[in-house]
Number of protein chains: 2
Amino acid sequence: MSSPRQPDQSPGPGAPGPRGAAFLLAQIGAHAAALFAERVAELGLTPADVGLLRMIAGRPGRSQRALATDLGVVPSRVVALIDNLETKGLVERRRSTEDRRNHELHLSPEGRHTLTRVSRSAATHEDTLLAALDPAQRAQLTQLLELIAAQQELTPGVHPGYRQSPKRS
Amino acid sequence: MSSPRQPDQSPGPGAPGPRGAAFLLAQIGAHAAALFAERVAELGLTPADVGLLRMIAGRPGRSQRALATDLGVVPSRVVALIDNLETKGLVERRRSTEDRRNHELHLSPEGRHTLTRVSRSAATHEDTLLAALDPAQRAQLTQLLELIAAQQELTPGVHPGYRQSPKRS
DNA sequence: TATTGTTATACTCTATAACTATA
DNA sequence: TATAGTTATAGAGTATAACAATA
């Protein structure tokens with residue numbers, strides 16, 4: 001960082017602001033999420049949709065309840081999300097023969113195809129976001145982020161944007 | 001990461017998932033934002049409140065319109081946010097003598113005091129979040145993040161969480 | 001007529017709770 | 001009685017639009 005503070009005559013909007021890595025992580029993270037949302041919107045999907053498709057692809061046949069638990073959301077929300085994906089023909093609900101209360105979730109062929117398109121979008125997205133860094137720096141960054149993620153016990157592949165919001169007094 | 005993939009019998013929720021730096025940035029960023037929100041909630045504030053307090057502290061006397069423009073939100077939202085902060089006695093609205101349509105925004109003494117407490121919270125927050133990294137690694141991370149932020153033209157100190165949401169077809 | 005701030009309204013998102021069908 | 005999924009309802013958050021005061 002070149003100048004640690006610029007009291008009054010600052011060029012920007014004038015936040016005296018936080019300069020730490022924690023703020024940068026939150027700021028860039030939100031920016032990255034917004035960019036990604038724009039990209040997948042071109043495929044008619046929300047980031048939540050993408051997360052669900054990936055979860056189902058990773059473990060076909062799992063129940064909605066299991067999904068809700070893993071994502072940390074309430075079951076009724078999963079219903080709405082899956083409804084949407086089923087309407088688009090990307091996901092199929094199949095009554096379990098073992099326990100007829102369960103719905104086994106599977107990707108349709110079109111769902112799988114969509115997921116590969118998402119992967120291409122994600123690759124382009126990554127390249128755009130990290131344009132400032134050369135390959136060595138990208139590897140370095142990834143390594144540091146993985147250290148943080150592990151220590152903070154973040155579940156690999158699960159974006160915390162699903163979590164149910166805490167009570168506010 | 002020890003094992004790059006674990007097809008079916010995985011221990012986690014089983015997302016085949018994204019392993020790139022872009023996803024890690026979004027994931028950790030959201031986590032960081034959530035942790036910070038918890039901390040400032042103890043002071044009776046939301047992250048948006050904190051951002052506003054910082055902006056006002058950085059340029060006392062600015063108008064609500066200016067704030068709305070810089071944050072990228074609609075003026076009516078600034079009204080609600082400032083209402084809240086004024087009720088808590090942290091911010092004062094003063095009719096401008098030059099242009100009586102304007103409200104000049106200032107921090108109250110208590111507002112300034114609250115902001116110093118926020119700074120202490122932020123420092124603790126940063127330390128908790130980056131517990132996995134030693135000082136050299138933290139500096140390295142900060143440097144990489146600043147490169148990204150500059151290239152992506154992110155306004156220093158302004159969290160994108162304010163932006164108005166895009167239309168959804 | 002244009003602009004600042006405000007109020008009123010509508011819309012979206014998401015959690016809570018009641019309900020059904022299976023077990 | 002307990003559980004998976006669904007539906008109905010309500011609450012929070014936020015944008016849009018109409019409005020009052022000032023320029």
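Because only heavy atoms are used, hydrogens play no part in the values below, and waters and symmetry mates are left out as well, while side chains stay in. Naming: A, B, ... by sequence-line order, numbering from 1 per chain.
B:H113 contributes atom NE2, which lies 11.5 Å from atom CG of B:L90 (distance to the nearest 0.5 angstrom). Atom CD of B:E104 sits about 7.0 Å away from atom CD of B:E98, to the nearest 0.5 Å. One distance of note links CD of B:E42 with OG of B:S121; it measures 6.5 Å at 0.5 Å rounding.
Where A:P75 and A:D99 meet DNA chain C, the nucleotide closest to each residue was compared, and A:P75 sits on the side nearer the 5' end. Summary of the strand contacts: A:E98 and A:R77 both lie near DNA chain C, and taking for each the nucleotide with the nearest heavy atom, the more 5' one is attributed to A:R77.
The nearest whole Å value for the distance from the CG atom in A:L81 to the P atom in C:dT12 is 16 Å. Taking atom CZ of A:R94 as the reference point, atom P of D:dG5 lies 15 Å away to the nearest angstrom. Following rounding to the nearest Å, B:D49 (CG) and D:dG13 (P) show an atom-to-atom distance of 11 Å. Atom NE2 of A:H103 and atom C1' of D:dT3 are 14 Å apart (whole Å). D:dT7 atom P lies 7 Å from atom CG of A:D83, rounded to whole Å. Rounded to a whole Å, the CD atom of B:Q64 is 17 Å from the P atom of D:dA21. Atom pair A:N84:CG and C:dC13:P shows a separation of 10 Å (rounding to whole Å applied). The distance from atom CG of B:L71 to atom C1' of D:dA15 is 15 Å, rounded to the nearest whole Å.
Taking the side chain of A:R93 as heavy atoms from C-beta on, and the options D:dA15, D:dT6, C:dT4, the nearest nucleotide is D:dT6.
Side-chain N/O atoms of A:D127 and A:T124 include no donor and acceptor closer than 3.5 Å. Between the side chains of A:R101 and A:S96, no donor-acceptor pair is found at a separation under 3.5 Å.
Taking only distance into account, the side chain of A:R101 meets the base of D:dT3 through a donor-acceptor pair shorter than 3.5 Å. With hydrogens and angles left out, the side chain of B:S76 and the base of D:dT14 share no donor-acceptor pair within 3.5 Å.
Among the heavy atoms of the strands lying under 4.0 Å from B:S63 are primed sugar atoms or P, OP1, OP2 only; no base atom is included. Within the nucleic acid shown, A:R95 has no heavy atom closer than 4.0 Å to any nucleic acid atom.
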